[in-house]
Engineer: 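I'd like to ask some things about the structure below.
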Number of protein chains: 2
Amino acid sequence: MRCLIVEDDPRIAGDLARTLEASGFFVEHAADGEAAWFKGGTEDYDAIVLDLGLPLMDGLAVLKRWRAEGVTIPVLILSARGTWIERVEGIDAGADDYLPKPFRMEELVARVRALVRRAAGRAAPVEVAGALALDTTRMTASLAGRPITLTPLEFRCLAYLVLHRDRPVPSTELLEHLHGGEDGHELNAIEALVARLRRKLGPGVIETRRGFGYQIAEP
Amino acid sequence: MRCLIVEDDPRIAGDLARTLEASGFFVEHAADGEAAWFKGGTEDYDAIVLDLGLPLMDGLAVLKRWRAEGVTIPVLILSARGTWIERVEGIDAGADDYLPKPFRMEELVARVRALVRRAAGRAAPVEVAGALALDTTRMTASLAGRPITLTPLEFRCLAYLVLHRDRPVPSTELLEHLHGGEDGHELNAIEALVARLRRKLGPGVIETRRGFGYQIAEP
DNA sequence: GGCAAGCTGACAACAAGCTGACAGATCCGA
DNA sequence: TCGGATCTGTCAGCTTGTTGTCAGCTTGCC
């Protein structure tokens, strides 16, 4: 968990850092707008706590610039001026939450935690098992960074195996999952499907545990 | 123009829907907070009319959750309790406008229209995907700098594909988006539409990912 | 060695998607 | 109101990718 604190007052910054560190964050600090903009754009944080009154570049300007550049790290705005107009401006500029000063430290920690949780839920749903990566939004698969073209059924089959990679999946279960319980399908269809997947993925990715089922190989 | 109505009273919801439909909106409806949250987060509306007193999740909570998740669709709050405190709370939560009950239908329509106009003016009007550029306020398209004449439906279809260019869009979803969920339309209409678009755009712009959907080609 | 589980290449059936033609609907100017 | 132009949905026939089945094969286990 990495968190960036953007705050020019060294005393407040120190307080914030200590509190967040006590809650398990690795904290970094930027004291002015320029430094903040640079760090937020180049490093990968889980959350940013942003004060608005900053030297060199105003907090809102920094935020807008990040958002324009595609930085999606969740940002919590801190501000002494707690009017609702400013709140709306902050949200408008792309902030994820807003906390008016003065505030209790516990509340700050709770909000930053909530922000991180929410962002994790929103992230691109990519499942990874060793060198194998499945992106269920883009419907793409890759092996060791190399893209693999899969048909819909192949994709669903592989996704199911990756999701249950901690145990062998019987072919009867795959049949049930892929065809929604309709019968009239032979088990051999699954065998053929797995064979086609293996041809695309190469050996050593889908293992057969004879008598138990198929399983994605451990990294 | 798609509009989501969030209202638990079926009579009021029906009134609202009829009025907005008469003004040219495709209207969808959610009767509780959970459903509203889901629809607003996953579908692409031009405006949302949100009642505050809702089952399962309160209207304000839904709104806050949307804003926290980055949903920027303009929201008009409806409420029986018209105190200014509540108004501020609504704006604070990220609402774009506030209309106390009772209200005249004409006023509602006017405000929703204003909302949509404002949002259109504020949003980045030009969407770019590779050589393809769409100006959503002027409703013009160009490919490699050369202007392309599109019909209204073609434009909406292309805009939707460009907006979701990071993933394949199933033709069922296009059908739903373009016709606001009314059925009685055949999937083949989408195929014909895409064929017409391809004839204008040339090959290699709209790709078919068989079994997954259509997708704008990566640059 | 024998048996069952599992593999695989070939093939055929099927479904997804494409396209040109046509016709109903709508809009617009005269 | 009429006529023409444009837009858009439907249909039929076609192409192509996907997937189930079959038959014969290999592999592991008792």
Side-chain angles (χ1 to χ4, degrees), chain A residues 139-141 147-161 168-217, chain B residues 1 21-22 24 26 139-141 148-161 168-217:
Chain A
M139 298 302 219
T140 55
I148 309 264
T149 310
L150 298 180
T151 69
L153 201 68
E154 285 165 1
F155 190 89
R156 288 210 290 145
C157 177
L158 191 56
Y160 194 81
L161 288 175
V169 178
S171 41
T172 50
E173 184 179 332
L174 275 175
L175 189 65
E176 164 105 15
H177 171 71
L178 295 176
H179 292 100
E182 306 164 31
D183 41 23
H185 285 278
E186 299 287 329
L187 263 185
N188 187 244
I190 299 301
E191 287 160 19
L193 182 61
V194 171
R196 282 192 265 258
L197 266 172
R198 288 213 251 240
R199 203 174 308 152
K200 290 186 180 179
L201 298 172
V205 178
I206 302 178
E207 290 176 345
T208 300
R209 296 186 52 196
R210 190 169 247 257
F212 297 104
Y214 299 103
Q215 188 165 15
I216 299 292
Chain B
M1 286 298 198
E21 271 167 4
F26 288 114
M139 299 299 216
T140 56
I148 307 265
T149 313
L150 297 179
T151 69
L153 201 67
E154 284 165 1
F155 188 88
R156 289 211 290 144
C157 177
L158 191 57
Y160 195 81
L161 288 176
V169 179
S171 40
T172 48
E173 184 180 331
L174 275 175
L175 188 65
E176 163 114 12
H177 172 72
L178 295 176
H179 293 101
E182 305 165 33
D183 42 22
H185 285 278
E186 298 287 329
L187 265 183
N188 188 245
I190 299 300
E191 287 158 20
L193 182 61
V194 170
R196 282 189 258 255
L197 266 172
R198 287 213 251 241
R199 206 171 305 151
K200 291 186 179 178
L201 298 171
V205 177
I206 302 178
E207 289 176 346
T208 301
R209 293 183 56 195
R210 189 171 249 257
F212 296 109
Y214 298 103
Q215 188 165 15
I216 300 291

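Chain naming here is simple, since letters A, B, ... match the order of the sequence lines and numbering starts at 1 in each. Excluded from the calculations below are hydrogen atoms, water molecules and symmetry mates; all remaining heavy atoms, backbone and side chain alike, are included.
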Engineer: Below 3.5 Å, does any donor atom in the side chain of N188(A) face an acceptor in the base of dT8(C), or the other way round?
Structural biologist: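 Looking at the base of dT8(C), it does pair with a donor or acceptor on the side chain of N188(A) (distance under 3.5 Å).
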
Engineer: Measure from CG on L175(A) to P on dG20(D) and round the result to the nearest Å.
Structural biologist: 9 Å

Engineer: Would you say Y214(A) reaches dA5(C)'s phosphate, i.e. side-chain N/O to OP1/OP2 under 4.0 Å?
Structural biologist: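 It does not, given that no N or O in the side chain of Y214(A) lies less than 4.0 Å from OP1 or OP2 of dA5(C).
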
Engineer: Closer to the 5' end of DNA chain D via nearest nucleotide, is it T149(B) or I190(A)?
Structural biologist: T149(B)

Engineer: Could you report the tightest heavy-atom contact between F212(B) and L150(A), atom names first, then the distance?
Structural biologist: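 Minimum heavy-atom separation between F212(B) and L150(A): CE1-O, 3.4 Å.
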
Engineer: E191(A) has a side chain; which of dT8(C), dC11(D), dG17(C) sits nearest to it?
Structural biologist: dT8(C)

Engineer: Let me know the distance between CZ of R209(B) and P of dA15(C), rounded to the nearest Å.
Structural biologist: 23 Å

Engineer: Whole Å only: how far is the CG atom of L174(B) from the P atom of dG9(D)?
Structural biologist: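 After rounding, the gap between these two atoms is 12 Å.
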
Engineer: May I have the distance from F212(A) (atom CZ) to dA4(C) (atom C1'), rounded to whole angstrom?
Structural biologist: 15 Å

Engineer: Within this structure, what is the CD-to-P distance between E154(B) and dT6(D), rounded to whole angstrom?
Structural biologist: 13 Å

Engineer: Under a 4.0 Å heavy-atom cut-off, which of residues 198-208 of chain B touch DNA chain D?
Structural biologist: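 Output list: empty, so none.
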
Engineer: Check whether any side-chain heavy atom of L153(B) sits under 4.5 Å from a side-chain heavy atom of R196(B), and report yes or no.
Structural biologist: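 In short, these two side chains do not touch, never coming nearer than 4.5 Å.
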
Engineer: Taking only N and O in the side chain of H179(B), is any of them less than 4.0 Å away from OP1 or OP2 of dT8(D)?
Structural biologist: no

Engineer: Which atom names give the shortest non-hydrogen contact between E186(A) and L175(A), and what distance separates them?
Structural biologist: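 What the structure gives for the nearest pair is O-CD1, 4.0 Å.
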
Engineer: Search all heavy atoms of Y214(B) against all heavy atoms of S171(B) and return the closest pair with its distance.
Structural biologist: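 For Y214(B) and S171(B), the tightest heavy-atom pair comes out as CE1-CB, 4.0 Å.
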
Engineer: Rounded to whole angstrom units, what separation is found between the CG atom of L187(B) and the P atom of dA15(C)?
Structural biologist: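 Value for this atom pair: 15 Å.
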
Engineer: To the nearest Å, how far apart are R210(B) CZ and dA16(C) C1'?
Structural biologist: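 It is 4 Å, rounded to the nearest whole Å.
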
Engineer: Any side-chain heavy atom of T151(A) within less than 4.5 Å of one from K200(A)?
Structural biologist: yes

Engineer: Can you tell me how far P of dT19(D) sits from CG of L158(A), to the nearest Å?
Structural biologist: 13 Å

Engineer: Enumerate the salt bridge (charged side-chain N to carboxylate O under 4.0 Å, His left out) contacts for residues 205-217 of chain A, please, sequence neighbours excluded, ordered by first and then second residue.
Structural biologist: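 Listed by first then second residue: nothing to list.
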
Engineer: Once hydrogens and angles are ignored, does a donor-acceptor distance under 3.5 Å link the base of dG20(C) to the side chain of R196(B)?
Structural biologist: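 Answer no: no donor N or O sits under 3.5 Å from an acceptor.
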
Engineer: Which atoms form the tightest heavy-atom contact between L197(B) and C157(B), and what is the distance?
Structural biologist: CD1-SG, 3.8 Å

Engineer: Side-chain N or O of T151(B) less than 4.0 angstrom from OP1 or OP2 on dT8(D)?
Structural biologist: yes

Engineer: Please determine, for the side chain of S171(B), which listed nucleotide (dG17(C), dT21(D), dT10(D)) has the closest atom?
Structural biologist: dG17(C)

